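Just so you know, ligand 1 is whichever comes first in the structure, and atom 1 is the first atom listed for that ligand. Keep in mind that this is a model prediction, so the values were computed, not measured. The figures here come from the full heavy-atom set of this structure, side chains too, leaving out hydrogens, waters and symmetry mates.
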Amino acid sequence: MPSRKILIAPSILASDFSRLGAEVERMTAAGGDWIHCDVMDGHFVDNISFGPAFVEAASRHTALPIDVHLMITRPDRFFPRFAKFARSISVHVEADHDVARTLAAIRAAGCLAGLALSPPTAIARIEPFLGLFDILLVMTVNPGFGGQAFLPETMEKVRRGAKWREERGLDYHIEVDGGIDTATARISREAGADVMVAGTSVFKAPDAAAEIASLR
Ligand code: DX5
Ligand code: ZN
């Protein structure tokens, strides 16, 4: 399998919300590939972030694909409200829904379907859904907050996901999310990841373009 292009997805959870448009434009100009949007409901995770109107506003400031990460208990109920402006929508395998049905519905809505799993969740949990998703989103921190430390034990899941992709002739992105900086991006890339979500490292960097280039 040819090596995949490494994509960088700045996570707007780390942005200055009072200047959302300018921040999205800044990450677009700095060379970001996707704009990662973390939606949290205060139930699936112990935090509330933003909803469809906020993500739609962000989408008006970039031509980059909008990569929505639903950290919510009922992604089946709410994903349609993002489908008009999202390129990809990832849902958690741990959430309270019929996973296969939600993934199929996201694809039917014209979006790439992503399946996310949190650090405590075994990779075996997503095996039944191989072939039904376009992105495997391996959380490298516990979901809910930016600025946490990378959990290296999650790399085993990235390696297994890359092996299954190879063995079964599948073609999905492997996206890592949380605590990604130059060092952990390299570890993730070596394990088989091709999409790097980065919040703190790029939004707090003095030079976002240089940081994005170093993540690649
Ligand atoms: C955490 C989110 C991550 C987070 C990444 O629940 O899913 O996308 O915003 O932020 P950093 O890069 O600061 O860990
Ligand atoms: Zn995320």
**OP:** Would you indicate whether Asp16, at its atom CG, is surrounded by more than 12 heavy atoms from other residues, nucleotides or ligands within a distance under 6.0 Å?
**Re:** yes
Report each N/O pair between ligand 1 and the protein that falls under 3.5 Å, naming both atoms.
{"residue": "ligand 1", "atom": "6 (O)", "partner": "Gly144", "partner atom": "N", "Å": "2.8"}
{"residue": "ligand 1", "atom": "7 (O)", "partner": "Asp38", "partner atom": "OD1", "Å": "3.0"}
{"residue": "ligand 1", "atom": "7 (O)", "partner": "His69", "partner atom": "ND1", "Å": "3.4"}
{"residue": "ligand 1", "atom": "7 (O)", "partner": "Asp177", "partner atom": "OD2", "Å": "3.1"}
{"residue": "ligand 1", "atom": "8 (O)", "partner": "Asp38", "partner atom": "OD1", "Å": "3.3"}
{"residue": "ligand 1", "atom": "8 (O)", "partner": "Asp38", "partner atom": "OD2", "Å": "2.8"}
{"residue": "ligand 1", "atom": "8 (O)", "partner": "Asp177", "partner atom": "OD1", "Å": "2.5"}
{"residue": "ligand 1", "atom": "8 (O)", "partner": "Asp177", "partner atom": "OD2", "Å": "3.4"}
{"residue": "ligand 1", "atom": "9 (O)", "partner": "Ser11", "partner atom": "OG", "Å": "3.0"}
{"residue": "ligand 1", "atom": "9 (O)", "partner": "Asp38", "partner atom": "OD2", "Å": "2.9"}
{"residue": "ligand 1", "atom": "12 (O)", "partner": "Gly199", "partner atom": "N", "Å": "2.7"}
{"residue": "ligand 1", "atom": "13 (O)", "partner": "Gly147", "partner atom": "N", "Å": "2.9"}
{"residue": "ligand 1", "atom": "13 (O)", "partner": "Thr200", "partner atom": "N", "Å": "3.0"}
{"residue": "ligand 1", "atom": "13 (O)", "partner": "Thr200", "partner atom": "OG1", "Å": "2.5"}
{"residue": "ligand 1", "atom": "14 (O)", "partner": "Gly179", "partner atom": "N", "Å": "2.8"}

**OP:** Please note down the angle at the Zn ion (ligand 2) between NE2 of His36 and ND1 of His69, to the nearest 10°.
**Re:** 100°
Subject >> Heavy-atom donor-acceptor pair, Thr184 side chain to Phe150 backbone, under 3.5 Å >> reply: no
Original post:
Does the distance from a Lys or Arg side-chain N to an Asp or Glu carboxylate O, for Asp194 and Arg165, drop under 4.0 Å?
Top reply: yes
Original post:
Which of the N/O/S atoms in Asp38 sits closest to the Zn ion (ligand 2)?
Top reply: OD1
Original post:
Between Ile187 and Leu137, is there a shared hydrophobic cluster once you connect ILVMFWY residues whose side-chain heavy atoms come closer than 4.5 Å?
Top reply: no
Subject >> Side chains of His69 and Glu175 in contact at under 4.5 Å (non-hydrogen atoms) >> reply: no
Validation: residues 103-111 side-chain donor-acceptor distances under 3.5 Å, sequence neighbours left out:
{"residue": "Arg107", "atom": "NE", "partner": "Asp134", "partner atom": "OD1", "Å": "3.4"}
{"residue": "Arg107", "atom": "NE", "partner": "Asp134", "partner atom": "OD2", "Å": "3.1"}
{"residue": "Arg107", "atom": "NH1", "partner": "Gly131", "partner atom": "O", "Å": "3.1"}
{"residue": "Arg107", "atom": "NH2", "partner": "Phe133", "partner atom": "O", "Å": "3.4"}
{"residue": "Arg107", "atom": "NH2", "partner": "Asp134", "partner atom": "OD1", "Å": "2.8"}

Subject >> N-O pairing of Asp33 and Arg216 below 4.0 Å >> reply: yes
Original post:
Closest to the Zn ion (ligand 2), which N/O/S atom of Asp177 is it?
Top reply: OD2
